[in-house]
Undergrad: 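Supplied in structure tokens, the structure appears directly below.
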Amino acid sequence: MNRRKFLHKSVCASAGILTLPMYSGAYTFDDHKDLIIGHNSHRYKVDLNWGNLNAEKVPVKDCHEIIQDSKGRIVMLTNHIKNNIIVYDKSGKLLETWGTTYPGGHGLTLSVENGEDFLFITDYERHQIIKTTIDGKEVMTIDYPADTGKYKSKEEFKPTETTVLKNGEFYVADGYGNQFILHYNHKGELLNIFGGKGTENDQFLNAHGICLDQRDEANPILLITAREQNKLKRFSLDGNYLSSIEVPGALICRPVIYGNEIYFAVLKSRSASHNGSGFLLIMDDKNEVISCPGATQPIYQNNSLKELYQTIKLFQHPHDVCIDEEGNMYVAQWNSGQTYPIKLTRV
Amino acid sequence: MKYIVVIVLVVCVYSCKKNNKENEFTKTYVQKEEIQLVNPKIIVNNVIIDTSSSIIASLPLDQTVIRYTTDGNEPTETSEKYTDIISISESGTYTFKAFHPEFKSSGSEQVSFFKKGIDVDIFSLITPLNKQYPGQGESTLVNHKKGTLNFRDGEWIGVTEPFIAIIDFKTKIFLDSVDIGYLVNTDAWIFPIQNVSIAFSENGADFTDIEPQEALEKIKTGSTKLDNIHIPVAKKLKKLKIKISNVTSIPKWHQGKGNPAWLFMDEWIFNAKISN
């Protein structure tokens, strides 16, 4: 545990000396020293206390991904097999935990089907995708796509992320495996496979995250991160490469769309010489970076973005973000000393 | 009097409640003063100086000031302020640190420059290169190129056993000193040099040991850095035999305790004057 401990001075203890209202100003904390991170329209205060739990009872290892379910609860996936799923309310209070069989629990995606919440979990150690009900009953398991001929063994399949369409079809990014993107129907039958490892436009180095982008309702597409290449790639739903968006210096994990913006946890700054050099990144409706909480201000010069990198040691290895209906952000971190999610309050 | 006491108590309780709430509300957030700046980003052309080199330091965050020293000490708030690219023509060590009125100052970032050494005529390896990290092959250590913190950048040779080489300068030279560059990256099990022994030969056949110098570095916590051992020689010679040993048993504090450590070297620099 490497979390800051706040000094909770007891106001009442000192009230014996300062009882009169005229002194009450002495209690008011100097508000403008609050750290505010981010740029332009997307700026946040940071709450490191949110969601902290008793590590002996509800431990975490890596906090890989975090989503909000239909009831507004914050659902987090860790690879700690005592409690792979930890469910919070928005205040950070623990509601429930479940899951003991996801040692490589990595990807977590919500799918709402006829008003019922389901979760898609990818597990790179089990080499599987598992669909569960919101309270953890497994309803479907997908193994490695042996019939495609793209995999010699299940060990080559290390899925990192899924995204689900309204009709139940879903896509899987094999970001730690052979870098293919797999397209399944709602029954889990493979429809298409594309991508693969490489540096061509339609290939990936670390196809870590994927999401459906239907901001343009008439033309839904896929957004897929090529994390090692510091790129976000756009693909049609049938797997054709469309274009790439460069984010120099930023190892973007998965795209998360909220409103018209795309949010990313950035695992690390490419050129940093120190460990724990991550930050967050937000793109606007034109896919231009408008805010980088914890890092340099995004600046475009001659239409290209200058290299981004961490400026303050706040985040270590952010791995995913979740945005609630008030625009606040919850940040899950990988390899950060077993810390719980961080809440950012939008200002 | 009784009423006054009650009023005071009511005021007290009221103000406690009110302020407690305010306090909790505002103190929930991380304060600027609790957060440290990252180290300035340093860009250098080349650290082995043939004619000249330069350093650019940056940390683009409002109100940040970068300061530096040239004596190896950590910069303070009164050290020289970095304002623009620094041109370098002599060997030396530059240390940078970022300061901010509200954030904690950064750690320091150091870069050392070396004058280009003389060319080696024949570099003979006595021990084999490790197949995993052969660098650019046999000439890696005498190609006048330094490595970066990335141990896979091709400029580093990595070994897990003692490394021995004979350097033949062909003609007799006056060798002032040798600089041995190495890497520390404890996360990757790369530790500093454990031992150096050097022997020299004036006639090219018989070797005499040079007395060992100062104690070598032992690290006690995890770290990642470029470093260098400067070994004074001050001898006329034709050939040198250098043996560098890796850490044979990783210390207890590290997860690899008891195992041999990797030793990574990028360049041996021979600071010499041609002699007759």
Side-chain angles (χ1 to χ4, degrees), chain A residues 4 6-37 44-50 92 249 269 271-277 279 294-297 299 306-314 342-345 347, chain B residues 4-5 7-43 58-64 98 100-107 109-111 148-150 185-188 222-226:
Chain A
R4 182 169 62 103
F6 287 92
L7 279 173
H8 284 297
K9 285 181 190 164
S10 165
V11 174
C12 286
S14 50
I17 336 164
L18 301 170
T19 48
L20 296 172
M22 63 186 282
Y23 289 108
S24 66
Y27 297 125
T28 311
F29 205 84
D30 189 1
D31 194 40
H32 55 254
K33 291 289 172 78
D34 285 347
L35 172 67
I36 294 177
I37 55 172
Y44 303 86
K45 290 188 178 184
V46 182
D47 181 357
L48 293 180
N49 281 345
W50 188 93
S269 311
S271 65
S273 56
H274 62 285
N275 268 332
S277 59
F279 55 94
T296 46
Q297 180 164 8
I299 295 171
K306 287 178 83 172
E307 181 172 346
L308 302 164
Y309 64 95
Q310 190 189 53
T311 51
I312 54 168
K313 290 185 176 177
L314 173 65
I342 296 171
K343 182 179 178 184
L344 304 184
T345 302
V347 294
Chain B
I4 293 171
V5 169
I7 288 167
V8 166
L9 275 174
V10 166
V11 168
C12 170
V13 166
Y14 172 75
S15 77
C16 275
K17 276 190 174 169
K18 182 185 167 215
N19 289 308
N20 203 2
K21 193 178 168 192
E22 276 180 6
N23 233 8
E24 280 182 4
F25 181 74
T26 54
K27 284 200 73 180
T28 302
Y29 298 113
V30 173
Q31 303 296 293
K32 281 186 173 177
E33 62 191 18
E34 298 172 278
I35 299 293
Q36 188 184 22
L37 297 174
V38 301
N39 293 3
K41 185 174 162 190
I42 307 296
I43 300 172
S58 65
L59 180 56
L61 180 70
D62 279 354
Q63 301 182 64
T64 301
H100 191 280
E102 293 173 315
F103 293 109
K104 285 182 192 169
S105 49
S106 73
E109 198 73 26
Q110 202 166 64
V111 56
T148 64
L149 283 170
N150 174 8
N185 181 345
T186 50
D187 285 349
S223 59
T224 301
K225 62 174 181 174
L226 302 170

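So that the names make sense, note that chain A is the first sequence line, chain B the second, and so on, each numbered from 1. Bear in mind that the values here come from a model prediction, so they are computed numbers and not experimental data. The analysis underlying the following values was restricted to heavy atoms, covering all of them including side chains, and did not include hydrogens, waters or symmetry mates.
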Undergrad: Determine whether B:Asn39 and A:His274 satisfy the following criterion, side-chain contact (heavy atoms from CB on, under 4.5 Å), listing intermediate values before the conclusion.
TA: CA-CA 9 Å; B:Asn39 293 3; A:His274 62 285; 5.8 Å; no
Undergrad: Mind listing the closest non-hydrogen atom pair of B:Val38 and A:Lys313 along with its distance?
TA: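 Smallest heavy-atom distance, with atoms named: CG1-CG, 3.7 Å.
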Undergrad: Who pairs with B:Ser223 by side chain to side chain donor-acceptor pair (under 3.5 Å), at least two apart in sequence or on another chain?
TA: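 B:Ser223: no side chain to side chain donor-acceptor pair (under 3.5 Å) contacts found.
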Undergrad: Just verifying a value: how many Å separate A:Gln310 CD and B:Leu59 CG, rounded to the nearest 0.5 Å?
TA: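 Result: 10.0 Å between the selected atoms.
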Undergrad: Can you name the closest pair of heavy atoms from A:Thr311 and B:Pro60 and give their distance?
TA: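 Closest heavy-atom pair between A:Thr311 and B:Pro60: CG2-O, 4.0 Å.
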Undergrad: At what distance, to the nearest 0.5 angstrom, does CG of A:Asp34 lie from CD of B:Gln31?
TA: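 Between atom CG of A:Asp34 and atom CD of B:Gln31 there are 4.5 Å.
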Undergrad: Could you look at A:Ser271 and say if it's the side chain, the backbone, both or neither that has a heavy atom under 4.5 Å from chain B?
TA: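 Interface part for A:Ser271: side chain.
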Undergrad: Where on B:Asn150 is there a heavy atom nearer than 4.5 Å to chain A: the side chain, the backbone, both, or neither?
TA: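 Nothing of B:Asn150, per the 4.5 Å heavy-atom cut-off to chain A.
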Undergrad: Distance check, rounded to the nearest 0.5 Å: A:Ile36 atom CD1 versus B:Tyr29 atom OH?
TA: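 So the gap between those two atoms works out to 10.0 Å.
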Undergrad: Out of curiosity, B:Thr28 OG1 to A:Lys45 NZ, how far, rounded to the nearest 0.5 Å?
TA: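 One gets 10.0 Å once the value is rounded to the nearest 0.5 Å.
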Undergrad: To the nearest 0.5 Å, how far apart are CD in B:Glu34 and CD1 in A:Ile312?
TA: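 Here the interatomic distance stands at 11.5 Å.
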Undergrad: Measure B:Leu149 against the heavy atoms of chain A and call it side chain, backbone, both or neither at under 4.5 Å.
TA: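 Answer is side chain: those atoms of B:Leu149 sit under 4.5 Å from chain A.
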